[in-house]
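Beneath this line is the structure, given in structure tokens, with notes to follow.
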Amino acid sequence: MTLLQLKYIVKIVECGSMNEASHELYVSQPALSSSVKELENELGIEIFTRSSQGIALTVDGAEFLTYARQVLDQASLLEERYKNAKPRKQLCSVSTQHYMFAVEAFVEMINSSQSDEFEFTLRETRTKDIINQVANMLSEIGIIYLSDFNKHVIGKLLRERHLEFHPLFRAPLHVFISRDNPLASKQRVTMEDLKPFPFLQYEQGDEGSFFFAEEAVWPEYSPKQINVTDRATMLNFIIGLNAYTVCTGIDNGDLNNEKILTVPLDSDETMLVGWVTNERAKLSKAAQSYIEKLKEVVDRHGYKLID
């Protein structure tokens, strides 16, 4: 079945005869009749009854006509959307773990956009959701990290989903703490130093495991642990509860009115942060621009980019 055959059916009904329809369609009557017959044979129904007085729709034909018109209307909308000379609206979707530098780069990408119309999406979400969204092409780019602990599990999952990991930078571990925290004056902190304080981590859902955690290390045992789903809650808990979380160390310079600071964590572990793409998809111009802004932001924060 083709759109052309549907157009033939609609035109025949409009004209009331095969002969007149063939003239308007610039098709010979035998070719038009043959096309209709092929369609009827394919569908196993009779669309028209033929007689010496002309043609008429059958009951099946009348029902088919309503569907044919709907399909042609939808096809017309598609043509209008994509054949219109007007520049198309820019689209770009990014899924990321809870990184402020990812948001900063997204803002700069939007500000640099030359498009009068755009629809951009930034999802701060769970690790496994990021992988699924890029695999299912709901997002063009995913921002995650790899570590010695999770790289084999995450790497296997990426390969299975036909995703590619592109390293961006390697970060030594830091913690976010309140400026009022007793540890704020220390040059470095240890997990032992942090024991008295609540440990914050991003919740990873029912299927979550340590391999999907956003925090590259965690206490062996934490009597005070809080799971959260969004960054605003995390930051408020750091201030209000003197809590802490493990991070890359990049902040945006005016983090929560300078009530929070980053302190290096004494650990041999690092976070290899990068972006994930679907090997079957080509990045849009907006997505390519986002990656460039991502590199600029990371470089501006003093981290060495990985080629």
Side-chain angles (χ1 to χ4, degrees), residues 91-106 108-109 120-174 201-205 207-218 229 231 245-250 265 267-307:
L91 302 174
C92 180
S93 293
V94 174
S95 296
T96 177
Q97 293 174 323
H98 299 77
Y99 299 131
M100 281 173 281
F101 65 84
V103 178
E104 189 176 344
F106 205 78
E108 293 191 11
M109 181 271 287
F120 298 140
T121 303
L122 180 66
R123 302 180 179 94
E124 286 190 329
T125 187
R126 299 178 294 197
T127 305
K128 204 162 189 180
D129 289 341
I130 294 169
I131 293 171
N132 289 335
Q133 286 164 6
V134 178
N136 296 327
M137 298 187 185
L138 295 174
S139 287
E140 291 187 73
I141 296 169
I143 312 294
I144 62 172
Y145 83 93
L146 299 180
S147 67
D148 288 340
F149 177 74
N150 73 9
K151 64 183 180 183
H152 297 297
V153 172
I154 298 292
K156 180 175 181 291
L157 184 57
L158 296 179
R159 290 190 297 274
E160 289 173 350
R161 304 304 300 274
H162 302 285
L163 304 179
E164 294 178 309
F165 179 81
H166 310 267
L168 181 62
F169 69 99
R170 187 178 292 277
L173 301 190
H174 290 68
Q201 68 175 7
Y202 286 107
E203 189 263 336
Q204 294 295 325
E207 297 182 7
S209 71
F210 289 128
F211 295 111
F212 297 109
E214 287 196 37
E215 302 74 32
V217 296
W218 47 88
T229 58
R231 189 153 43 87
T245 192
V246 178
C247 63
T248 63
I250 297 183
L265 179 64
S267 172
D268 294 331
E269 187 63 84
T270 61
M271 298 172 70
L272 180 61
V273 182
W275 74 90
V276 174
T277 57
N278 192 312
E279 65 183 29
R280 298 169 175 172
K282 182 180 178 181
L283 292 181
S284 66
K285 288 184 178 179
Q288 293 174 35
S289 172
Y290 176 69
I291 290 172
E292 290 308 309
K293 295 301 178 185
L294 204 56
K295 292 178 179 179
E296 291 175 14
V297 167
V298 170
D299 182 64
R300 198 161 60 234
H301 282 284
Y303 284 77
K304 183 180 179 181
L305 296 171
I306 296 175
D307 254 346

For residues Phe169 and Tyr145, establish whether the separation of their ring centroids is below 6.0 Å.
no

So, taking the atom named OG1 in Thr125 and the one named CD in Gln133, what distance separates them when rounded to the nearest 0.5 Å?
5.5 Å

Step through the shown structure and confirm whether more than 12 heavy atoms of other residues, nucleotides or ligands are within 6.0 Å of CG on Asn136.
yes

Side-chain contact test, heavy atoms from C-beta onward, threshold under 4.5 Å: evaluate it for Leu173 versus Met271 and give yes or no.
yes

Min side-chain heavy-atom separation Val276-Ile141 under 4.5 Å:
no

What distance do Leu138 atom CG and Asn132 atom CG have between them, rounded to the nearest 0.5 Å?
9.0 Å

If I take atom SG from residue Cys247 and atom CD from residue Glu215, how far apart are they, to the nearest 0.5 angstrom?
10.0 Å

Heavy atoms of other groups near His152 NE2, more than 12 under 6.0 Å:
no

Rounded distance (nearest 0.5 Å) linking atom NZ of Lys151 with atom CG of Leu158
14.0 Å

Mind checking whether Ile306 and Leu272 have side chains closer than 4.5 Å, heavy atoms only?
yes

Do Arg126 and Glu214 have side-chain heavy atoms sitting under 4.5 Å apart?
no

Pairing donors with acceptors under 3.5 angstrom, does anything connect the side chains of Thr229 and Glu203?
no

Atom pair CZ (Phe101) and CG (Leu294), whose distance is rounded to the nearest 0.5 Å
6.0 Å

Worked verdict on Ser139 versus Arg123 for side-chain hydrogen bond (donor to acceptor under 3.5 Å, both in side chains):
CA-CA 9 Å; Ser139 287; Arg123 302 180 179 94; 2.7 Å; yes

Parallel under 30°, tilted from 30 to 60°, perpendicular over 60°: which one fits the rings of Phe210 and Trp218?
parallel

For the student: nearest non-hydrogen atoms of Ala286 and Met109, plus distance:
O-CG, 3.8 Å

Please find the pair of heavy atoms, one from Ala216 and one from Val246, that lie closest to each other, and give the distance.
N-CG1, 4.3 Å

Taking all atoms of both residues into account, what is the closest heavy-atom pair of Leu305 and Asp299, and its distance?
CD1-CB, 4.2 Å

Can you name the residues that form a salt bridge (Lys or Arg N to Asp or Glu O under 4.0 Å) with Glu124, not counting sequence neighbours?
Arg231

Side-chain touch Thr277/Leu163, heavy atoms, less than 4.5 angstrom:
no

Under the side-chain hydrogen bond (donor to acceptor under 3.5 Å, both in side chains) rule, what do Thr127 and Gln97 come out as? Steps first, then yes or no, please.
CA-CA 7 Å; Thr127 305; Gln97 293 174 323; 2.9 Å; yes

Give the minimum heavy-atom separation between Tyr303 and Pro172, together with the two atoms involved.
CE2-CD, 4.2 Å

For Arg161 and Asn278: C-alpha separation, side-chain torsions, deciding distance, then whether side-chain hydrogen bond (donor to acceptor under 3.5 Å, both in side chains) applies.
CA-CA 8 Å; Arg161 304 304 300 274; Asn278 192 312; over 6 Å; no

Are Glu104 and Arg300 close enough for a salt bridge, meaning some N to O gap below 4.0 Å?
yes

In the structure I gave you, are the side-chain heavy atoms of Thr121 and Val94 within less than 4.5 Å of one another anywhere?
no

Flag side-chain contact, heavy atom, 4.5 Å: Tyr99 against Ile250
no

Listing request: all side-chain hydrogen bond (donor to acceptor under 3.5 Å, both in side chains) pairs with a residue in residues 283-294, at least two apart in sequence or in separate chains.
Glu140-Ser284

Looking at every heavy atom in both Ala213 and Gln204, which two are closest together, and how far apart are they?
CA-CG, 4.3 Å

CA sep, side-chain torsions, deciding dist, call: Phe165, Ile144, side chain to side chain contact (heavy atoms under 4.5 Å, CB included):
CA-CA 9 Å; Phe165 179 81; Ile144 62 172; 4.0 Å; yes

When you look at His174 and Thr248, which way does the side-chain hydrogen bond (donor to acceptor under 3.5 Å, both in side chains) test go after all the steps?
CA-CA 6 Å; His174 290 68; Thr248 63; over 6 Å; no

Roughly how far, to the nearest 0.5 Å, is CG of Leu157 from CZ of Phe212?
5.5 Å

